[in-house]
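Here is the structure we will look at.
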Amino acid sequence: PSVRRNKADEPTRRRYAELLTVTGDWKAALDVFAKLDDAKDAAKAESAGKALAQAGDFWWDYKPTEPTAADAIKAHAVALYREAIASGELTGLKKAVAEKRIASVSSSDSFNVSARGSGTLAASGTPRGSGTLAASKALYCVIDLSAGPDAGKYPVSYLAAEPKGGFNTDEYKTTKLVLRRIDPGTFIMGENQKDESHRVKITKPFYMGIFELTQKQYALVTGNAPAKYSGDMRPVERVSYNNIRGSSNGAQWPASSAVDVDSFMGKFRERTGLEFDLPTKAQWEYACRAGTTSTYNNGGDSEDDMKVLGRYKGNQFDGKGGYSQHTTVGSYLPNAWGLYDMHGNVSERCLDWDGALTFGTDPKGVSVGSERVHCGGAWRYGTGKGACCSFWSGTHPPSDVEKHAGHGFRLCMNPEASVGAFARESGTPAASGALRHRPLGRAKCD
């Protein structure tokens, strides 16, 4: 784009250029950066194909005003350093400094960016640790499930921004699975948004699936897709808490984060090496609200506001998404953080035992119980005070598969959990017994 020089416009222009880096359009971004006094020399040198090391130095030290651009700009600096090294421009001590910078963010395989990169962070295979830049700061995590239930590993990638065309496509509802990073913050849990005694503080970032897990995705992990209402891109249902986490080690939350190796979560952790789990109730509501304090997460309080957000009793037969009852995930509008169907379609299983709500810092719920919580709306519920189409939660025994196909789940992942927990042989107490699989990251999302 052509941007005329105007000092008063520079803050707006700078943020626009940084947003272009998030979308991966570095060519357009450089055209805008070239009009900024502090960036024009680096941008011109880069576009001319010379002094790439100088441009790399500039972008390495650049402090963006748009926080989401930070990873894309750092990745771009890495790409410039690599090109400068390959061309022979960087030698001696300067080369060593550049290599040290590359190593500090890439861990050899965390970045796969071409010269003058796309702004996309990508990690091939499994990250080397929960503290890698890609795992802890990238906006999206994508799991490739296409190898199916017999795969030894599922490729994992990290993206700084949505790809061209976005995520609301068949691919990301079937053979790939995408989660969005949710940063720490505070909110008031429950219906009364003026009750400060219900304030919750989330201190750790986590990734949340942007869609409910679909029948095709579940089948690609387990080899089967239980459902009353079948459809590859409809949410998996008729799966219990025990199906998801296991009835032995998986039943010990919150005392233990372990899961049974033959459960869905045990298989998924083994093939990704990542800390996947169900969300806690607090994580679920925090992600669903996306900063709102209204009845629904689009800022509204009426049934008309609900109609555009998800499938519920009032629109269960309208055919949107191709089905009645629950429908294709992503058929309605997302919240401000890009998460779909949290107020409707199927209600979603969480980690917590039923009981008195717990608040404060990173709450995990009560320590014992007989039923587990599920949150959010479902196709067979109506609206109104106390209905699950807002932030209501219900309960079911862990073994209940919910015969009416009202419950599913979405995945949560903690990128910064400590390493040390194990997935163990089904039926083996967590404190003893032979290991069946290799050590995994600590498998909690709290």
Side-chain angles (χ1 to χ4, degrees), residues 141-151 154 167-179 208-246 259 262-272 276-279 284 310-312 315-332 334 339-350 374-381 396 398-413:
C141 174
V142 178
I143 316 296
D144 186 345
L145 305 174
S146 57
D150 295 325
Y154 293 136
F167 290 118
N168 200 355
T169 64
D170 292 1
E171 177 184 25
Y172 292 103
K173 302 172 186 180
T174 53
T175 59
K176 290 185 179 179
L177 190 155
V178 59
L179 301 95
M208 185 75 105
I210 68 169
F211 300 121
E212 294 159 334
L213 198 78
T214 66
Q215 294 172 32
K216 179 66 172 181
Q217 291 166 336
Y218 191 90
L220 286 172
V221 175
T222 65
N224 66 87
K228 181 176 182 179
Y229 303 111
S230 61
D232 280 353
M233 294 186 288
R234 299 172 88 173
V236 66
E237 24 99 344
R238 286 193 162 177
V239 290
S240 69
Y241 183 98
N242 287 351
N243 293 147
I244 298 167
R245 302 189 85 250
V259 298
D262 57 357
S263 67
F264 169 88
M265 209 66 72
K267 294 174 182 178
F268 199 56
R269 290 178 183 178
E270 175 65 19
R271 295 170 195 163
T272 61
F276 282 101
D277 214 324
L278 295 171
W284 189 96
R311 180 60 57 86
Y312 73 111
N315 64 8
Q316 65 174 284
F317 299 117
D318 69 8
K320 189 169 185 177
Y323 301 98
S324 297
Q325 291 86 38
H326 61 60
T327 192
T328 299
V329 299
S331 294
Y332 296 86
L339 307 181
Y340 294 81
D341 300 314
M342 298 195 82
H343 284 315
N345 222 16
V346 291
S347 61
E348 300 171 14
R349 298 191 182 275
C350 297
H374 57 90
C375 290
W379 60 269
R380 60 193 182 92
Y381 296 119
H396 273 283
S399 59
D400 190 351
V401 298
E402 223 307 305
K403 295 178 181 178
H404 297 290
H407 302 314
F409 68 103
R410 76 179 66 216
L411 284 166
C412 180
M413 187 266 281

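Note that the structure is a prediction, hence the values are computed from the model and not measured.
- When the ring-ring contact (aromatic ring centres under 6.0 Å, His included) test is applied to Phe167, the partners found at least two apart in sequence or on another chain are Tyr140, Tyr172.
- Checking side-chain atoms of Glu212 against main-chain N and O of Phe409 turns up no donor-acceptor pair under 3.5 Å.
- With sequence neighbours excluded, the residues forming a side chain to side chain contact (heavy atoms under 4.5 Å, CB included) with Gln316 are Arg311, Lys313, Trp379, listed by chain and number.
- A search for side chain to side chain contact (heavy atoms under 4.5 Å, CB included) contacts involving Ala219 returns Ala225, not counting sequence neighbours.
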Fill in: Derivation and outcome, side chain to side chain contact (heavy atoms under 4.5 Å, CB included), residues Val346 and Arg234
CA-CA 10 Å; Val346 291; Arg234 299 172 88 173; over 6 Å; no

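- Of all non-hydrogen atoms in Leu145 and Thr174, the two that sit nearest each other are CD1-O, 4.3 Å.
- Counting all heavy atoms, side chain and backbone alike, Pro149 lies closest to Thr222 at CB-C, 4.1 Å.
- Outside the 6.0 Å centre-distance limit, the rings of Tyr312 and His343 are not counted as a close aromatic pair.
- Every residue was checked against the salt bridge (charged side-chain N to carboxylate O under 4.0 Å, His left out) condition with Asp144, not counting sequence neighbours, and none meets it.
- Shown here are the side chain to side chain donor-acceptor pair (under 3.5 Å) partners of Ser230, two or more places apart in sequence or in another chain: there are none.
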Item to complete: Take Asn315 and Tyr332, measure what side chain to side chain contact (heavy atoms under 4.5 Å, CB included) needs, and give me the verdict at the end.
Response: CA-CA 11 Å; Asn315 64 8; Tyr332 296 86; 3.7 Å; yes

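- Under the side chain to side chain contact (heavy atoms under 4.5 Å, CB included) criterion, Thr328 pairs with Lys173, Met233, Tyr323, Ser331, sequence neighbours left out.
- Heavy atoms only, all atoms of each residue included: Thr327 and Asn345 are closest at N-OD1, 2.8 Å.
- The side chain to side chain contact (heavy atoms under 4.5 Å, CB included) search around Ala151 returns Ala147, Tyr154, not counting sequence neighbours.
- Within 6.0 Å of atom NZ in Lys216, 12 or fewer heavy atoms from other residues, nucleotides or ligands are found, so the atom counts as exposed in its surroundings.
- Expressed to the nearest 0.5 Å, how far CG of Asp262 lies from CD of Glu270 amounts to 12.5 Å.
- Here CE of Met413 is found 6.5 Å from CG of Leu179. Values are rounded to the nearest 0.5 Å.
- Residues satisfying the side chain to side chain donor-acceptor pair (under 3.5 Å) test with Asn224, not counting sequence neighbours, are none.
- Considering only heavy atoms from C-beta on, Pro226 comes within 4.5 Å of Val236 through its side chain.
- Considering every non-hydrogen atom in both Tyr229 and Gln215, the closest pair reads O-NE2, 2.9 Å.
- Partners of Ser263 according to the side chain to side chain donor-acceptor pair (under 3.5 Å) rule, which considers only residues two or more places apart in sequence or in another chain, do not exist here.
- The minimum heavy-atom distance between Leu411 and Met265, with the atom names listed, is CD2-SD, 3.6 Å.
- Contact between Gly209 and Leu339 at its shortest, heavy atoms only, is O-CD2, 3.8 Å.
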Practice prompt. Decide yes or no on side chain to side chain contact (heavy atoms under 4.5 Å, CB included) for Tyr218 and Val239, but give the supporting numbers first.
Written response: CA-CA 10 Å; Tyr218 191 90; Val239 290; 3.6 Å; yes

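- Under the side chain to side chain donor-acceptor pair (under 3.5 Å) criterion, Glu348 pairs with Trp284, Arg410, sequence neighbours left out.
- Considering only residues two or more places apart in sequence or on other chains, Tyr241 meets the ring-ring contact (aromatic ring centres under 6.0 Å, His included) condition with none of them.
- With sequence neighbours excluded, the residues satisfying salt bridge (charged side-chain N to carboxylate O under 4.0 Å, His left out) with Lys176 are Glu171.
- At a threshold of 4.5 Å between non-hydrogen side-chain atoms, the residues Phe276 and Ile143 count as touching.
- The side-chain hydrogen bond (donor to acceptor under 3.5 Å, both in side chains) test with Glu237 singles out one residue from His407, His326, Lys228, and that residue is His326.
- Taking 4.5 Å as the limit, some side-chain heavy atom of Asn168 sits within range of a side-chain heavy atom of Phe211.
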